[in-house]
Structures are given as structure tokens and as C-alpha cells.
2 protein chains.
Amino acid sequence: MAVRPTDTKEEILRLGTEFIQTYGYNAFSYADISKELHIKNAAVHYHFPGKEDLLAGIIDQYILRYRELAKTFANPGISSKHKLQSIISRYSALCDQGRICLIGSVCADYNTLPDSVKARLTELIGLVLGMVEKVLREGKKKGELQFTETARVKSMLLMTNLAAGVQLARITGQKDYTAICNSILKQLVV
Amino acid sequence: MAVRPTDTKEEILRLGTEFIQTYGYNAFSYADISKELHIKNAAVHYHFPGKEDLLAGIIDQYILRYRELAKTFANPGISSKHKLQSIISRYSALCDQGRICLIGSVCADYNTLPDSVKARLTELIGLVLGMVEKVLREGKKKGELQFTETARVKSMLLMTNLAAGVQLARITGQKDYTAICNSILKQLVV
DNA sequence: ATACATACTTACTAATCAGTAAGTATTTCC
DNA sequence: GGAAATACTTACTGATTAGTAAGTATGTAT
């Protein structure tokens, strides 16, 4: 068949991400993906032999995307406030879709994952925290952002607020997430 | 057999909690529980007919415990700082055991849960946030704690730091969690 | 044109999952 | 001592799980 050469692989990655963010890693099956894409489960296994290969692929995709974003953020022309809001808006988008942060979702099942996936997850988190840390440090230096903690600790405080904020919002409602974001910006932006 | 009348039910609740915090709700089975307790899986079904009944039981147990803690916290003799540290130490204990917050873990699988469990989860979160909010408001009034946000928003910021902090710590190491806690206390305690 | 790689489908399998019906031992109440 | 409730075990079931081996259609390079 193969109407479009390799779109299927991209679609599997997209759906897998959606399922993890919506239902959790151990709550969806290859059958869920194959039904949605109108293919057979063996087709999913063709692209990703095991479920952990799919998760590894999804995390790898995230790593590439965040490397790209980090590159974009290297541009000093973009204001630190704008970069900060760009990060926040990613979580707001998740919230609007009733999804949660991929890392936060996978974290719940962390101890069921093979070492190769654990290593990728560690890399992804390091990448994200490092990027945010840089934005914060730069923003403070330029007088656009203010905080008393170290940039490293502040990046963790900020990202835990956002990650658990969307988790909270899914249960208690979006206005809680909005309140968190407003408070973060009020404290952080000069 | 029934050597000890109803210890089994308590043990199932205890193990279920441990599994959720360690591996995730959709990652453990009744077989895991029955093997560990050296009983048959039907015995687990006897106490909790369905897996969602077990989860409901676990959440109910948490609700009762937090109601007790809230009662203890009603004592004005205990300092607000001590109450705050008591809350933080609960999360530190999870961190030490390589576990994560029950709510945070279940949240990943939230959309796979029946409405009855969702409602219980909402109640539990309301209870915890309400309790923390009270501690913060009281602490500020007594001049023991300081923050510029509303007590409500600050309670959410604090709890999201702690909940996602233990999630983060399991992946990147405990020192990140320690840094978060130290920062929280430094900011909050007068 | 043909060989080969890609991208699947067909048709399974073995294991595990939650869940149940029926039987049994033990304790408790009267 | 008999009835009933409690706390299980035995012995299953049907559905779903991840995963595979073998076959097929389609495009590509020579």
C-alpha cells in the first residue's frame, strides 16, 4: 500500500505522545495506535519493534526539538521575558488539550522503564533545565527578570510549578493553572 | 486459614500504595500483590472486587489521614514553621524511598479512571491544598512565614514544587530535591 | 527486467490481565 | 451444636497484551 512513504512513523510518534500525555505510558497499547491509524498492530511493531523503542523515539524527538528551541533562544535579540513566556505557553497548550507534561507522565512509570529510556529521559530533563536556567540567568543579567535564588534552583522551581501545575489543572480545573502562571510572571518579570 | 482476621486488607492497601508510588497505577497487577502477600489473586478480589475499588480504598485512606493531620494542625500551639516542615518531610520520605506523590502518580493515568475515583481524587487534593493554605495564612498572620502571593496560590506553588520535586529527584538525583526544599524554606520562613 | 529494499498485512502465539463461580476452612453468634 | 458470616482457595474464563514469522504489494536502483 504505502501511499505516503514514511508518514506512518511520524503519525505513530505523534499518537504515542498524545496517548502518553493523555492516558499514561502503561495505559495505552499498540492496538490503540493501530486502530486510530487504520493499520495493523504489526505495522506499529515494524516501525518500533517494542513499546520501549517507541518511547525512546518519542523522547529522542523531544530532545531534538528542545535542542532546536535552545538554538533559537541563543539569539540575544529575543527578550528574556518573551523566551519565558514561550516556555510557559507550551505548558498552557498542554493544559488546554487536557494533557500533561510528557516527562511528568513518564515519570510515574519510571521504574518500569529500561535503562536506555531512563538515560534518554535524564538527558531530556538536563536539556530543558539547562535551557531554562540560561534564560533566567540572562534575563537577570539584562535586568528583565528578577529572583533571589540561583538560576539553577529557580529553573527547577519554575519547571516544577509548570509541570505539576498542568497535572493539578486536569483535576481541579484550568483556573488553578492560570493563577500559578500569573503568579510566576508577576514574581519573575521586572 | 485466616490467621490474622483482617490484616490482609490493610496489607493490600499498603502494597497498592507502594506499587502506585513506585511503578504507577496501570503498571501493577493483582498478581503482583497476591504474590508478595503469598495469597491468591482471588483473595485480593475478595477485599477489592475491581482494581478501581482498590484505588478508591487507597485514596479514601489518604483522605482520612489528611483529615487527621488537618485536625492536628488545628492546634495553635504548634508553630507554622513546624507544620510546614511536617508537610515537607512527608515528601522527603517519599524521595528517600524512590517513590513519588500518590496524587502525582495517579494523575498520569487520570483519564483512565472512573468518575467515582476522579471525584475522590478531587476531594483529596482540595483537602491537602486547603490544609496547606491554612498553615500559610496562619503563619503569615503570626509573622512566622512570609510571601507576597495569596495563601491559596502560594499553597499551589509550594505543593507543585514538592510533588514535581520528588518526580524530578527520582530521575536526576536527590540533591535537586534538597535544593528545592532549602530554597522553599529560605524564601518562606521569616 | 530484475533484484532489492521499504512498508506493510495476515495470521498467529504465549503471557498476562482483571475478574468470577463454586467450594472450603475458620470464627462468631445464638 | 447449628447457622451464618468471614476469609479465603481452587479452578477457571475471556479479553487484551506485546510480540513474531511469513507472505505481499509497491517503489527504486541498476
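Order of the sequence lines fixes the chain letters, A, B, ..., with proteins taken first and strands second; residue numbering starts at 1 for each chain.
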side-chain hydrogen bond (donor to acceptor under 3.5 Å, both in side chains) pairs touching residues 72-81 of chain B, sequence neighbours excluded, are none

Minimum side-chain heavy-atom gap L168(B)-Y177(B) below 4.5 Å: no

Heavy-atom side-chain proximity of Y110(B) to K118(B) below 4.5 angstrom: yes

Over all strands shown, is K51(B) touching base, sugar-phosphate only, or nothing at heavy-atom distances under 4.0 angstrom? sugar-phosphate

Could you check whether Y30(B) gets within reach of a base, just the sugar-phosphate, or nothing at all, counting any heavy atom under 4.0 Å?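 Answer is sugar-phosphate: Y30(B) comes under 4.0 Å of backbone atoms only.
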
Options [options], nucleotide nearest the side-chain atoms of [X]:
X      : options                   : answer
A42(B) : dA7(D), dT9(C), dT10(D)   : dT10(D)
S29(B) : dA18(C), dT10(C), dA18(D) : dA18(C)
K40(B) : dA18(D), dC8(D), dT9(D)   : dT9(D)

Distance check needed: [N] [atom2] versus [X] [atom1], whole Å only.
X      : N       : atom1 : atom2 : answer
D53(A) : dG19(D) : CG    : P     : 8 Å
D7(B)  : dT26(C) : CG    : C1'   : 16 Å
F48(A) : dA7(C)  : CZ    : P     : 12 Å
H47(B) : dG19(C) : NE2   : P     : 16 Å
K9(A)  : dC8(C)  : NZ    : P     : 11 Å
E11(B) : dA7(D)  : CD    : P     : 15 Å
N26(A) : dA18(D) : CG    : P     : 9 Å
H45(A) : dT13(C) : NE2   : P     : 16 Å

Neighbours of DNA chain C within residues 14-24 of chain B, by heavy-atom distance under 4.0 Å: none

dC8(D) phosphate, OP1 or OP2, under 4.0 Å from T8(B) side-chain N/O: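 The answer is yes; a side-chain N or O of T8(B) sits under 4.0 Å from OP1 or OP2.
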
Within less than 4.0 Å of OP1 or OP2 of dC8(D), is there a side-chain N or O belonging to Y46(B)? no

Roughly how far, to the nearest 0.5 Å, is CD1 of I171(A) from CG of L113(B)?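 These two atoms lie 8.5 Å from each other.
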
Can you see which heavy atom on G98(A) is nearest to which on N111(B), and at what distance?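 Closest approach of G98(A) to N111(B): O-ND2, 3.8 Å.
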
Kindly indicate whether a cation-pi arrangement holds for K40(A) with Y46(A), taking the cut-offs as under 6.0 Å to the six-membered ring centre and within 45° of the axis.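 Relative to the ring axis of Y46(A), which defines the angle, K40(A) lies outside at least one limit.
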
Hey, which of these two, I39(B) or F28(A), hits DNA chain D nearer its 5' end, going by closest nucleotide?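 The residue closer to the strand's 5' end, by nearest nucleotide, is I39(B).
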
On DNA chain D, nearest-nucleotide positions of H38(B) versus G50(A): which is more 5'? H38(B)

Enumerate, atom names and distances included, each donor-acceptor pair closer than 3.5 Å involving a side-chain atom of residues 157-164 of chain B, sequence neighbours excluded.
residue, atom, partner, partner atom, Å
T160(B), OG1, N161(A), ND2, 2.7
T160(B), OG1, M156(B), O, 2.8
T160(B), OG1, L157(B), O, 3.0
N161(B), ND2, L157(A), O, 3.0
N161(B), ND2, T160(A), OG1, 2.7

